[in-house]
Novice: 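Next up is a structure, given as structure tokens.
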Amino acid sequence: MSLDQATLLEDLTEPQREAVCHVDGAALVLAGPGSGKTRVITRRVAYLISLGVPAWQILAVTFTNKAAAEMRDRVDRLLPPDLPGRRGLTVATFHGFCARLLRDHATAAGVSPDYSIYDSADQRAAMKQALENAGLDSTNWPPQSMLAQISNAKNALQSPDDFRAESNDFHGRMIAKAYDAYQRILESNHAVDFDDLLRHSARLLRFDADVRGELQDRFRYVLIDEYQDTNHAQFVIANAIAAAHGNLFVVGDPDQSIYAWRGADIRNILDFEEHHPGARTIPLGRNFRSTGHIVRAASSVISNNRRRKAKELTTELEDGSPIKVVRLADEHQEARHVVDHLRALSEEGVPWRSMAILYRVNALSRVLEDHLRREGIPYAIARGTAFYDRKEIRDALAYLRMLANPADDVAFRRIVNTPTRGIGESTIKRVEAAAAASGRSLSDACGDESLLGEVATRSRKAVLGFARIVAEWRREIAGGDSTGLGDLVSRVLRESGLERPEAAFESEEERQRQANLGELVSAAGDFVPPSLDGSEGGTIPLAIALREYLESVALVSDADAIDSESGVVTLMTLHAAKGLEYHSVTIVGVEDGLLPHSRARESDAELEEERRLFFVGMTRAERDLLVASASIRTVRGMRQATITSQFLAEIPDEHCERHDFTDRWHDDDGGDDDDGYQIEYDDDSVDSLAGAYSPGTVVRHAQFGTGVVSSFMPRGKVHSVIVDFKVVGRKTLVLEYANLQRVGG
DNA sequence: TGGCCGTGACTTTTT
DNA sequence: GTCACGGCCA
């Protein structure tokens, strides 16, 4: 049976059709929000297959597992079940693809085939160890910030040596030192971090002609989604595979580039035509998602960015209702307002699952949650990693990880005495010393009695006993196949003592923990290893299945947890919302310092990225968009006055209704009695003073000299500010009496 | 050896 | 306000 090409093309616009029918050569599809991007990608894959290109020659790369799953599914539905050549399409995330590549070519890539993938918590532990080894004090050299700078280096494909060569100041040299020490720890633990997945793959493709040739031969057609968010390593990977045949088809939107902080290089998409002379560029500017007010307002906001490829965004849908821009007294009023709004929509028949609440920082979800819960509105927070962040789950996974990778001392150390089995800190120290002296891993050393001379007799028994069960588990892994994964996990949990059936009589928390472990067992039991690849009834060795399972767990993202079918309101960060759409979208906390974020106001480039983030949020809405801010917000337990985001002023008045509810302070039953919307902002008192003395403002005081405002608070009829003075330090002053002068702009 | 309690630091976004 | 770590006590 063949695939009817006319059906694939019939409901497409002209530019969409052009993109779908593009076959050979490089192409750049500039896909504005809501322009049918996913449709174009899936149709093109199906179109290629209809031309006789076998599916296994096509590689499609997305950003999240969820996007990959959706794409696979949609292509699948376009293809007749008995179509020859429909099997074997590769749809993967960059990280997933690279993890697989490194496993298949471990030796060539210079990694151990049993490598572990370290998540951010593991990275922090490794970095702390590295700083200690390098003789750096972690107060002066915060692990988090060291990791961030190392991450940047890795994304730019710099090795520790490259990095050192480029660092000529003291600070840079110290980071180079930490990078080197950190990398040694990863190596000795047979571990890679997220960035290494990309970096090692890029290096492999660049320097190993055999591997490169193999991939180039196999993947004749390469598609990359969200190309604006690729970093240098990803750029190298994509281009290396496509170099031989030049069939690189990328889709993206520079206006939705929101990952520069993670090394994404917007030039990859802006300079695509220079990298690929003769490339075809196809702009998709027509928006099919949102009503007129929303599209035009978003378009207007984003036009304030100077560094962009100007692109017209149009819609043929009706204007719809104007955007609601509301200001509330504080975050509780804000949450209450949002809840009322969503309830009203629900009463009009909009299902909960078509509503989303977006925010810049995760911390804002809490107040919203409280109010949603109190009001009985079903909701879910997009936090895919939440389950895997629980202590008991991390413990369980550490067991599995040290079983799969005996060199993983970080995992081993985590669980060697969890639950407690009489192997205390001093015992571990001694085993560690013995392991280091003999060049063995911790888990190895534990099983070797001859190395444990320094260990007290009683502890030695405990250590050897533990080593014995570990050896038994490893034996089961070596002899089993993929059908035994669930049983393996269940056995390890039981025999390790993590699972305690008697806990049913203990606290609610403990019962919850046990339930979580049970969930982990069933998840492992249901896991289908990707390399089984649809071959029904087949099996692969248990060791490989375990490795693939751990890999899939390590690569889950928050966005993966979003279930549009679940019938609940979704709460998530603006970042996680990329690529999604909802009938109704609420963006909260649109205040100066939050959006744009205070940590991202240093440069125009950062400000523009914040604006793109707001743009992404706005364009998630199909018909209803509510943008809220609070005039007072509690940050870190301190109530602070805020000023509205500059982005709000960029929404043209003809596309929005502005309401100020800040004087409804005492109306706390938040009832239906406030119909009398006030259209005008009364921009007096708190707002304008807060604006003049917002945190960061430089001021001069007659006695204390100059300083920087650190916070601003209304105090009844007066206002007080906390100022960090250069000479005398932190002072709290009453604005009305202090006679401060603002310095500079 | 293990658990508890107090103090200190810190919060952007995430594969 | 929250979390993580270190010190102290049982």
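In the text below, chain A, chain B and the rest are named by the order of the sequence lines, each starting its count at 1. Computed from a prediction, not measured in an experiment: that's the story for all the values here.
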Novice: Among A/R262, A/K578, A/R612, which residue meets the salt bridge (Lys or Arg N to Asp or Glu O under 4.0 Å) test with A/D229?
Specialist: A/K578
Novice: Is any NZ, NE, NH1 or NH2 atom of the basic residue among A/D193 and A/R199 found under 4.0 Å from an Asp or Glu carboxylate oxygen of the other?
Specialist: no
Novice: Regarding A/N417, tell me which of base, sugar-phosphate or nothing describes its non-hydrogen contacts under 4.0 Å with the strands shown.
Specialist: sugar-phosphate
Novice: Quick check on B/dT1: is either OP1 or OP2 less than 4.0 Å from any side-chain nitrogen or oxygen of A/T427?
Specialist: yes
Novice: Rounded to whole angstrom units, what separation is found between the CD atom of A/Q123 and the P atom of B/dT15?
Specialist: 13 Å
Novice: Counting heavy atoms from C-beta on, name the nucleotide in B/dT12, B/dT15, C/dT2 closest to the side chain of A/F194.
Specialist: B/dT15
Novice: Given the C1' atoms of C/dA4 and B/dT13, what is the spacing between them in whole Å?
Specialist: 22 Å
Novice: Using atom NZ of A/K461 as one end and atom P of B/dT1 as the other, report the distance to the nearest whole Å.
Specialist: 16 Å
Novice: Calculate the interatomic distance between A/R633 atom CZ and C/dG1 atom P; express it in whole Å.
Specialist: 17 Å
Novice: I'd like to know if A/R599 reaches the base of B/dT12 with its side chain, counting only an N/O donor and acceptor under 3.5 Å.
Specialist: no
Novice: Indicate whether OP1 or OP2 belonging to B/dT12 is found under 4.0 Å from a side-chain N or O atom of A/N362.
Specialist: no
Novice: Looking at A/R513 and A/D395, does any basic side-chain N land under 4.0 Å from a carboxylate oxygen?
Specialist: no
Novice: Grab the CZ-P distance between A/F63 and B/dT13 for me, whole Å please.
Specialist: 17 Å
Novice: Examine C/dT2: is either OP1 or OP2 under 4.0 Å from a nitrogen or oxygen in the side chain of A/R366? Give yes or no.
Specialist: yes
Novice: OP1 or OP2 of B/dT1 versus the side-chain N and O atoms of A/T420: is any pair under 4.0 Å?
Specialist: no
Novice: Is A/K128 close enough to C/dC5 that one of its side-chain N or O atoms is under 4.0 Å from OP1 or OP2 there?
Specialist: yes
Novice: Please state how far atom CD in A/E609 lies from atom C1' in B/dT14, giving the value in whole angstrom units.
Specialist: 12 Å
Novice: Would A/H575 and A/W261 count as a ring pair (Phe, Tyr, Trp, His ring centres under 6.0 Å) here? Give the steps.
Specialist: CA-CA 12 Å; A/H575 283 89; A/W261 53 273; 5.7 Å; yes
Novice: Nearest whole Å is fine: how far is B/dT15 C1' from A/N231 CG?
Specialist: 10 Å
Novice: Answer yes or no for this row: A/H575 ring on B/dT13 base, centroids under 5.5 Å, planes under 30°.
Specialist: no
Novice: Please find the pair of heavy atoms, one from A/H190 and one from A/S112, that lie closest to each other, and give the distance.
Specialist: ND1-OG, 3.1 Å
Novice: When you measure from the side chain of A/R124, which nucleotide among B/dT14, C/dC5, C/dT2 comes out closest?
Specialist: C/dC5
Novice: Could you pick out which residue, A/I423 or A/L198, lies toward the 5' side of DNA chain B when each is mapped onto its nearest nucleotide?
Specialist: A/I423
Novice: Using whole Å, what does the distance between atom P of nucleotide B/dT15 and atom NE2 of A/H95 come to?
Specialist: 9 Å
Novice: Check this for me, if you would: do A/R307 and A/E608 make a salt bridge, where the nitrogen-to-carboxylate-oxygen distance has to be below 4.0 angstrom?
Specialist: no
Novice: Between atom OH in A/Y259 and atom P in B/dT15, what is the gap in whole Å?
Specialist: 6 Å
Novice: Could you say whether A/S120 or A/P142 is positioned toward the 5' end of DNA chain B, judged by the nucleotide with the nearest heavy atom to each?
Specialist: A/P142
